Structure formats: structure tokens, C-alpha cells
S.K.: 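Input: one structure, supplied below.
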Amino acid sequence: MALVPFDDRDGFIWFNGQMVPWREAKVHVLTHGLHYASCVFEGERVYNGKVFKLTEHSRRLTESASILGFSLPYSVAEIDAATRRVLDANGIVDGYVRPLAWRGSEMMGVAAQKNRINVAIAAWQWPSYFSPEARLAGIRLKISPWRRPAPDTAPTHSKAAGLYMICTLSKHQAENDGFDDALMLDYRGRIAEATGANVFLVIDGKLHTPIPDCFLNGITRQTVIDLARRRGYDVSERAIMPEELADAQEVFLTGTAAEVTPVRQIGEYTYTPGEITHRLVEDYDKEVGRTHDKAASASTSAA
């Protein structure tokens, strides 16, 4: 399948309050966000024409910007409304939304107090982060040598672009070694997350997930914890050490893009996606109103 570059597509992008043709949504090469990572973003999924938990994402975008020291020139309600305009303009029914905000090119240097704060929202068709086959079979993770930083060394509770540099390094290395993604430890050597998703372990019928004290408390993570508790599952948020991977019977990832994705291998450890994972995959699909993946859900149930 031919690669379609993201800068050469049909459609429209909401850019600083205006709907502009996709190919005209550009920034200058001396934009501060490009040089000094003064940029925050969100990832959102569209199901049946609606963004799942849109306001939560818009609010987190605003909060991320605040952590990086700037205020968005639009309210959460205005960002919500702009997102809906983008979906309508591009005819998105099932897809992905990328809002972002960044400091512009008025000043070039570490300090950029007078730079304009730009906001853009793009959306495109994107049915799944991992292929349906990989999602059902379970993906393979390699443990990354890169670690999530301490909260006193980086703005770890902001969805800031700069924090994803080590995620790209980790994922590229994992892919080069034949894996799908990487599992990252934190600065203390505890299990943290994958490169773009939170992680859950099933140990003796109980769910365990790391405390998000140096990485994002994902919106999907929170949703799945709620779904699990509705099912009557015991969910423990705690510090988890890498050696505990040997004790898990099931492992899965959660994220806006990844949704609920089973894991079949982490380093030397292998897992079989089981009943708890299957149920939460199905529960999440129902929660978001998925109607186009019935065959996959049936296959998951029969696994």
C-alpha cells in the first residue's frame, strides 16, 4: 500500500480559528515549537462521527499548555466546537483527531515570551493503530533502554511533544528488532508504560497497573479501570517491578489509538490473551459505540 504523506492530502484543517485547505496549513521553519519543543497535543478517536470523550481531551490540551507555561487563545468549549467543524468538513465517521498548540516564530531562542500561541486541529480516517490481526493475536513488546523521566526533570503530566522523543527512539529500536512496540520503565526502574499506551497486567484474576506519577494518566486507562470495576474485577494501581512480568497470565495496553490491545510477549515473557482481556476489549468497543468491528469482536470472543 502506497504511503500517503500527511502534508499532501485533500481536506481541511482548522488553523487559528480558520478552516484552511489541508496543503496550506503550514508553519515557518523557525517556529519555536520545532526548535525547542514548546508544543502540546492530543490524540482522539472518532466513532460513528463523534469523538469519544472530546471535552476531556480538549481540557487536557489546555492543561498541558498551562504546564508548559502558556495559555490557549481558545476555551475548551471553542476547541470542542472547532473539532466538530473539522469532522464535518472532512466527512470523518471513524477516524483520528490531532489537536495541537505551539509557540510560533516571532522570537527565536530559549526564551519566547512574546511568541504567538498557535492552535490547529486535523482529522483523518484511521480505523486502527495496530492491524486487526495483530490486535487479536496480541502484540510483541521489547523492553526499552530509555526510561520515563522523573517529574522534577520534565513536565511529565503534560502531553508535551518533547516527551515523545524517547518514545520514537524506543519504538524504532523495537520495530528494527522485530517487535511491535516497546515497554518503558521509569526513572526508578519500575514498569511505566508503552511508547503511547498504558499497560495492565492480569495476575491471578486481578488487574494491576502502574501508578501514573511520572507519565500520563490516560483517558482510556481511566475508562478501562471503570469498565473493569463495573465487571467486578479488582484493580490495583501500584508500583510494579519488571520481574513481576513473570507472574502475569495476561497483559494488555490501553490508549486512545491502541484502544484495548492484547500483548503476547514482553522480552522473554509470553502471554496468551485470556478471558479478562477479551471481556475488556468487548466492553470498550461497546463503550465507544463501535459498530464496524463486529467480526473482530466475534473472533476475540471465540479465542
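What you see is a predicted model, and the numbers here were worked out from it, not measured in a lab. Just so you know, residue 1 is the first one in the sequence shown, and it goes up from there.
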S.K.: Could you go through the side-chain contact (heavy atoms from CB on, under 4.5 Å) check for Lys159 and Glu42 one step at a time?
M.R.: CA-CA 7 Å; Lys159 197 169 176 66; Glu42 277 296 313; 3.6 Å; yes
S.K.: Are Arg229 and Tyr233 in a cation-pi setup, meaning NZ or CZ lies under 6.0 angstrom from the ring centre and within 45 degrees of the ring axis?
M.R.: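 Arg229 over Tyr233 ring: no.
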S.K.: Decide yes or no on salt bridge (Lys or Arg N to Asp or Glu O under 4.0 Å) for Asp234 and Lys206, but give the supporting numbers first.
M.R.: CA-CA 5 Å; Asp234 190 355; Lys206 181 177 178 179; 3.6 Å; yes
S.K.: Is the side chain of Ser158 donor-acceptor paired with the backbone N or O of Ser64 at a distance under 3.5 Å, no angle test?
M.R.: yes
S.K.: Donor-acceptor pair, Thr209 side chain versus Val199 backbone, under 3.5 Å?
M.R.: yes
S.K.: For Arg23, is there an ion pair with Asp10 - N to carboxylate O distance below 4.0 angstrom?
M.R.: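 Salt bridge present between Asp10 and Arg23.
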S.K.: Using a strict 4.0 Å threshold on nitrogen-to-oxygen distance, state whether Arg279 and Glu275 make a salt bridge.
M.R.: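 Counted as a salt bridge, because a side-chain N and a carboxylate O are separated by less than 4.0 Å.
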S.K.: Any donor-acceptor pair under 3.5 Å linking the side chain of Thr261 with the backbone of Ala258?
M.R.: yes
S.K.: For the pair Asn115 (side chain) and Gly104 (backbone), establish whether a donor and an acceptor sit closer than 3.5 Å, ignoring hydrogens and angles.
M.R.: yes
S.K.: Is there a donor-acceptor contact under 3.5 Å from the side chain of Asn198 to the main chain of Glu193?
M.R.: no
S.K.: Within the distance-only criterion (no hydrogens, no angle test), does the side chain of Asn48 pair as donor or acceptor with the backbone N or O of Gly289 below 3.5 angstrom?
M.R.: yes
S.K.: Any sub-3.5 Å donor-acceptor pair from Glu287's side-chain atoms to Tyr284's backbone N or O?
M.R.: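 Absent.
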S.K.: So, taking the atom named CG in Asn118 and the one named CZ in Phe70, what distance separates them when rounded to the nearest 0.5 Å?
M.R.: 9.5 Å
S.K.: In terms of relative ring orientation, are Trp22 and Trp124 parallel, tilted or perpendicular, with 30° and 60° separating the classes?
M.R.: perpendicular
S.K.: I'd like to know if the side chain of Thr220 reaches the main chain of Thr256, judged simply by a donor and an acceptor atom lying under 3.5 Å from each other, with no hydrogens or angles considered.
M.R.: yes
S.K.: Distance check, rounded to the nearest 0.5 Å: Ile117 atom CD1 versus Ser38 atom OG?
M.R.: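 That separation rounds to 7.0 Å.
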S.K.: Closest heavy-atom contact between Pro273 and Glu250?
M.R.: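 The answer is C-OE1, 4.4 Å.
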S.K.: Could you walk me through whether Arg60 and Glu56 pass the salt bridge (Lys or Arg N to Asp or Glu O under 4.0 Å) test, one step at a time?
M.R.: CA-CA 6 Å; Arg60 190 171 66 178; Glu56 286 91 328; over 6 Å; no
S.K.: If we ignore hydrogens and angles and just use 3.5 Å, is the side chain of His208 paired with the main-chain N or O of Glu244 as donor and acceptor?
M.R.: no
S.K.: Please give me the minimum heavy-atom distance between Leu100 and Cys39, naming the atom from each residue.
M.R.: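 Looks like CD1-SG, 4.2 Å.
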S.K.: Between Asp226 and Arg230, is the closest basic N to carboxylate O distance under 4.0 Å?
M.R.: yes
S.K.: Please name the residue in the list Arg238, Arg148, Arg188 that meets the salt bridge (charged side-chain N to carboxylate O under 4.0 Å, His left out) test with Asp213.
M.R.: Arg188
S.K.: Do Tyr164 and Phe41 pass the ring-ring contact (aromatic ring centres under 6.0 Å, His included) test, and can you show the C-alpha distance, the side-chain angles, and the key distance before you say yes or no?
M.R.: CA-CA 11 Å; Tyr164 284 79; Phe41 69 98; 5.1 Å; yes
S.K.: With a 3.5 Å distance limit and no angle check, can you tell me whether Glu44 reaches the backbone of Val46 through a side-chain donor-acceptor pair?
M.R.: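 No, the answer is negative, given that no donor and acceptor are paired below the 3.5 Å cut-off.
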S.K.: Would you say the ring centers of Trp102 and Phe15 fall short of 6.0 Å from each other?
M.R.: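 Yes, ring centres under 6.0 Å apart.
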S.K.: Would Arg140 and Phe179 count as a cation-pi pair here, with the cationic atom under 6.0 angstrom from the ring centre and within 45° of the axis?
M.R.: yes
S.K.: To the nearest 0.5 Å, tell me how far Ser170 OG sits from Asp181 CG.
M.R.: 8.5 Å
S.K.: Using the rule that two of Ile, Leu, Val, Met, Phe, Trp, Tyr join whenever any of their side-chain heavy atoms come within less than 4.5 Å, decide whether Ile121 and Tyr96 are in one cluster.
M.R.: no
